[in-house]
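Note sheet for the following structure.
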Amino acid sequence: MNKYNSKEVEGRIRDFWEREKIYKFNPKKKGEVYSIDTPPPYASAGHLHVGHALHYTQFEIIARVRRMLGYNVYFAPGFDNNGLPTEKYVEEKLKINKAKTNRTEFRKLCLKESKKIEDIYKEKVLKKLGHSYDWDLLYTTISPEAQKVAQTSFLKLIKKKECYRAKEPTIWCPYHETALAQAEVEDLKRTTKLNYIEFGKDKKILIATTRPELLSSCVGIFVNPADKRHKSLIGKQILVPIFNYEVEVRADEKVEKDFGTGIVMVCTFGDNTDIEWYKKYKLDLKISVDKKGKLNENAGKFAGLDLKEGRQAILEELKKQGRLKKQEPLEQTVGSCWRCGTPVEYIVTEQWLIHTLKHKKKLLEMGNKINWYPKFMKVRYNDWIKNLAWDWTISRQRYYGVPIPVWYCDKCGKVILPDEKELPLDPLQIKRKCKCGGNGIPEQDVFDTWVTSSQSPEIALRWLEKPEQYKKLAPMSLRPQSHDIIRTWAFYTILKSYLLFNRIPWKDLMVGTFILDEKGHGMSKSKGNAVWADKMIEKYSVDVFRYWVGGASVGSDLPFNEQDLIAGKRFITKLHNAGNFVFMNLKDYNGKKPVLYAIDKWMLQKIKEISEKAEKKYIKYNIAGAKRIIENFFWHDFCDNYLEIVKTRIYQNKKGKESAQYVLYKVLLSILKLIAPIMPFITEEIYQKHYRKIEGDKSIHLSLFEKIDSGGELGAGDLFVEILSKIRQEKTKAKKSMKSEIVLSLDKKDIKRLGGMIEDLKDVMNAKEIKEGEFEVEFV
RNA sequence: GGACCUAUAAGCUAGUGGCAAACUGACUCGUUUACACCGAGUAUUCGGCGGUUCGAUCCCGCCUAGGUCCACCA
């Protein structure tokens, strides 16, 4: 028999889809629109590991399912070429220091490099995987259109007084020299030293600190009000060593009695609590750290040293003065920049911020209006909101990104805003006068990348270019994403949607499967445990790879196992062979609906029930559940049982052949359609070869799931299969062939129930005769 | 410190308040007019402890292990 050549077929089918623009979105098409807010991949790598490929394929399967359920699917691809990853990639690849290049030139290089990678992604990854995007709807996050979306909503939020500029303590990365958002801070475990330092002149006290380098920023001392040891200190003035000035001792419940000596020094700023107390007790502001992470003039003779050197120098000085009493190692976790791992500092700068803290309650309500798949992922969203301590800092002191479209008057200091009609713009390229006559100094900063990403629904649906379309299609149907960015992408998108439109951005949120390596650890390039998708596809085929994807349950972790791909290979061969068999026996089939035999009716009823069950699973984003049902039915009910049952009727040209032929045709078509979203190539191949002329749809992927009209019931057919299985057991026990001739004894009631199926039973098990009596298999 | 997820056969996964299941692997047998990338069959099992119940793998509590998120971090 002809073997299935997956590579040849997949290439040919892919060309066919592209030539015929099978997946083109037609706004005039009938049916409710189902829109997907696709995660745009970072354009900073040429290929995907199996985890990423699985993630993208998972919701691509959903797109196909919805098409076949009759929805008009809006499926726009995107690329994220905005922000730090691209900036970093270009620096590394071209080995250039952006500080030494001109900013405009550098941006051009970023665009050029990311475009190259986008093309690789498009041709070699996404199209290769058979993804059914409408490529005419492609967007990128740095495009003028996307910039316009980001800048326009920025202006709108300023008008709504939801966006403000403030001189605030900000989370700061000294390496990248930029402000960070709370979501960009990650935990870093390290061992450090806890230093016991003596404060005071007459009355001496011991304070334990891990940040002696901030001594010159000390603006207060705190003890716990319930701590009897230090009660007498409250209200006293205490001398700060080396820098020789006095600060007041105050009491606050947040001080832990058991940590160190139970006495804390507050610096502006060492950590979150410092900021809290600074605000709560209106403490002085004494900044000792500059934007590069170096000590400034407030640190006196230590100015110019970086934090590490400063710490050493100050500790030595304290030692000399006999003020360093003790040092002990301490395991601590510090906040650090998610990109470079440098511990963050807190400095006061002027930044643009968006209100989040005052909307906590509303944001929780928004989260409740969205259907989360799986449900427990909402907990993460809720926890994040409850724990938020900062408004969202949206300005970044970076080179590459969407410019913040404002100027500051050099005379009156006012913020000069452009008109929405002028957007997108780069204030560095445009001169602007203030109303007072002063000159506008352009803003240098760019937006946090999430400012753009959080508006992927607006960008994908062309909010500003096609307002009518946007109005009709928003909110979107589905946001698919991974769980690690719930606190960023999901959160910021919901926030923006609330602030701008006062509604949810999408109805459903599906968290994809998280892939682990074979040992159960997260997969990544940096860990060196990544399995590359293109290699797996090369070794097996796209359909096989997608078969594996189809088996992953949404929202849970799954270790990668190559064994699973072998199962997919077998399935495809089986499907190919079953197709061959069916159409080999359908040459004289006339297509008319004949009078159906009982067992054929049973088969129709069975596929009807299977279709309904599988569709329900698909709708609930349970791809693995649907796949299991379909696969099980195809392999066992259809191939192992039904094909065997009707073989004799067909081979021997018996009466009822047309009935079997009709059912073979219909059931195989139903199965192909049900599994088509998961394995689009093999199903399209069989469809084009045998079904298209009769069915008429240009592609199986443009057809609807089969609606079977069976009118049958299952009872007798199930009994048939049960008896079949019992006879097979007897034959195996007796070590006889399945074709060995037998005489079968059956219960009178069962014979009556089987009715017209008796003849088929005799055929499939090669029973010479069937007698009434207790169940028995006699060999002749 | 808090929260969440997971724990089922050798491996990977379904599933249900009442005979525990598919696939891979192992073993036995069969098959050549779709398929040896096949068919039939066999063996092995619900992390531990307690509770609710006539009955718990499933519900509840505790524990253990693995994973994840968050908070703290002077």
Side-chain angles (χ1 to χ4, degrees), chain A residues 1-4 187-190 192 194-195 197 207-212 214 218 221-222 254-256 259-267 270-274 277 330-335 374-389 483-484 486-487 514 516 518-522 551-553 555-585 622 624-625 627-629 631-632 635-636 639-640 643-644 647 650-651 724-725 727-740:
Chain A
M1 237 318 121
N2 59 331
K3 284 235 168 166
Y4 181 67
D187 283 356
L188 179 74
K189 276 211 170 91
R190 65 174 184 186
T192 186
L194 185 61
N195 306 283
I197 297 167
I207 294 179
T209 178
T210 56
R211 309 280 322 252
L214 294 179
C218 180
I221 291 171
F222 278 80
K254 261 199 134 174
V255 179
E256 250 179 81
F259 191 93
T261 58
I263 311 176
V264 189
M265 70 164 184
V266 179
C267 305
D271 65 22
N272 257 323
T273 320
D274 289 346
W277 284 339
L330 179 75
E331 280 284 318
Q332 68 164 182
T333 314
V334 291
K375 273 203 186 80
F376 66 78
M377 285 295 175
K378 188 164 75 186
V379 176
R380 295 203 182 181
Y381 171 80
N382 290 346
D383 285 352
W384 177 250
I385 290 178
K386 283 176 200 154
N387 287 320
L388 270 178
H483 61 64
D484 53 339
I486 288 176
R487 63 183 174 146
F514 195 69
L516 309 169
E518 288 181 339
K519 288 172 194 141
H521 303 291
S553 354
S556 65
D557 298 350
L558 181 74
F560 178 75
N561 183 357
E562 205 174 327
Q563 197 60 247
D564 296 339
L565 293 175
I566 294 166
K569 205 173 167 197
R570 289 175 64 241
F571 184 86
I572 285 165
T573 307
K574 188 86 177 172
L575 200 57
H576 178 243
N577 285 322
N580 278 344
F581 172 80
V582 166
F583 284 95
M584 207 164 65
N585 294 303
N622 185 350
K627 177 186 163 236
R628 186 187 305 275
I629 291 169
E631 187 179 9
N632 203 49
W635 207 292
H636 301 294
C639 291
D640 294 344
L643 294 189
E644 293 303 322
K647 257 178 189 175
I650 287 176
Y651 288 160
L724 186 62
S725 166
I727 300 169
R728 281 169 172 165
Q729 266 179 48
E730 291 302 318
K731 287 194 171 183
T732 299
K733 253 191 230 163
K735 302 196 172 182
K736 295 276 188 185
S737 148
M738 284 303 131
K739 293 197 169 164
S740 55

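None of the values given here were measured: they were computed from a predicted structure. The sequence lines fix the lettering, A, B, ..., with proteins before strands; numbering per chain opens at 1. FYI, side chains are in, hydrogens and waters are out, and symmetry mates aren't considered; it's all heavy atoms of this structure.
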Notebook entry, point to check: Using a cut-off of 4.0 Å on non-hydrogen atoms, how would the nucleic acid contact of A:W635 be classed: base, sugar-phosphate, or nothing?
Noted result: sugar-phosphate
Between CG of A:L724 and P of B:G39 the distance, given in whole Å, is 14 Å
Polar side-chain contact A:K569-B:C37 base: donor and acceptor under 3.5 Å: no
What nucleic acid atoms does A:S740 come within less than 4.0 Å of, heavy atoms only: base, sugar-phosphate, or nothing? nothing
Taken to the nearest whole Å, CG/A:L575 to P/B:C38 is 14 Å
Rounding to 0.5 Å, atoms OH (A:Y4) and NE2 (A:H576) come to a distance of 7.5 Å
Output field dot_bracket for RNA chain B (Watson-Crick or G-U, both distances under 3.5 Å, | for other-strand pairs) contains (((((((..((.(....[..).)).((((((....).)))))....(((((..]....))))))))))))....
To the nearest angstrom, the OH-P distance between A:Y4 and B:C37 comes to 18 Å
Quick note, A:T573 side chain, CB onward, closest among B:A14, B:C38, B:C37 is B:C37
Sorted by chain and residue number, the salt bridge (Lys or Arg N to Asp or Glu O under 4.0 Å) partners of A:R211 (sequence neighbours excluded) come out as A:E213, A:E345
Contact class for A:K735 vs. all strands (heavy atom < 4.0 Å): base, sugar-phosphate, or nothing? sugar-phosphate
Whole-Å distance, A:E644 CD to B:U33 P, equals 12 Å
What contact category does A:V582 fall into here, base, sugar-phosphate, or nothing, at under 4.0 angstrom with non-hydrogen atoms? nothing
query = For atom P, what is the distance between B:U57 and B:C70, given to the nearest Å?
reply = 36 Å
Check: Checking all strands, does A:C267 fall into the base, sugar-phosphate, or nothing category for heavy-atom contacts under 4.0 angstrom?
Finding: nothing
With sequence neighbours left out, the residues meeting ring-ring contact (aromatic ring centres under 6.0 Å, His included) with A:Y381 are A:W372
By nearest-nucleotide position on RNA chain B, the 5'-leaning member of A:N632 and A:T273 is A:N632
Of A:D271 and A:S553, the one whose closest nucleotide on RNA chain B sits nearer the 5' end is A:S553
Testing B:C70, B:A14, B:G39 for proximity to the side chain of A:N387, the answer is B:C70
N/O-N/O pairs, protein side and nucleotides 40-47 of chain B side, under 3.5 Å:
{"from": "B:A40", "atom 1": "OP1", "to": "A:D640", "atom 2": "OD2", "distance (Å)": "3.4"}
{"from": "B:A40", "atom 1": "O2'", "to": "A:R728", "atom 2": "O", "distance (Å)": "3.4"}
{"from": "B:A40", "atom 1": "O2'", "to": "A:T732", "atom 2": "OG1", "distance (Å)": "2.5"}

Sequence neighbours excluded, the answer for side chain to side chain contact (heavy atoms under 4.5 Å, CB included) partners of A:N632 is A:H636
By side chain to side chain contact (heavy atoms under 4.5 Å, CB included), A:K254 pairs with (sequence neighbours left out) A:D252, A:T273, A:E276, A:W277
Residues at least two apart in sequence or cross-chain that pass side-chain hydrogen bond (donor to acceptor under 3.5 Å, both in side chains) with A:K378, listed by chain then number, are A:N368
(Q) Any base atoms under 4.0 Å from A:L643, or only sugar-phosphate, or nothing? Heavy atoms, all strands. (A) base
What is the nucleic acid contact for A:E631, judged by heavy atoms within less than 4.0 Å: base, sugar-phosphate only, or nothing?
nothing
Across all chains, not counting sequence neighbours, the salt bridge (Lys or Arg N to Asp or Glu O under 4.0 Å) partners of A:K739 are none
>> What contact category does A:A208 fall into here, base, sugar-phosphate, or nothing, at under 4.0 angstrom with non-hydrogen atoms?
In response: sugar-phosphate
The nucleotide from B:C23, B:C73, B:C69 with an atom nearest the side chain of A:R487 is B:C69
NZ of A:K627 to OG of A:S553, rounded to nearest 0.5 Å, is 10.0 Å
Against the side chain of A:R628, the closest entry in B:U24, B:U13, B:C72 is B:U13
With sequence neighbours left out, the residues meeting side-chain hydrogen bond (donor to acceptor under 3.5 Å, both in side chains) with A:E644 are A:K647
Across all chains, not counting sequence neighbours, the side chain to side chain contact (heavy atoms under 4.5 Å, CB included) partners of A:I727 are A:I723, A:K731, A:I742, A:L744, A:L761, A:M765, A:F775, A:V777
Whole-Å distance, A:K736 NZ to B:C29 P, equals 15 Å
Base, sugar-phosphate, or nothing for A:D484, non-hydrogen atoms under 4.0 angstrom?
nothing
Applying side chain to side chain contact (heavy atoms under 4.5 Å, CB included) to A:A734 and not counting sequence neighbours gives A:K736, A:F779
Report all interatomic pairs (protein N or O, nucleotide N or O of nucleotides 2-11 of chain B) with separations under 3.5 Å.
none

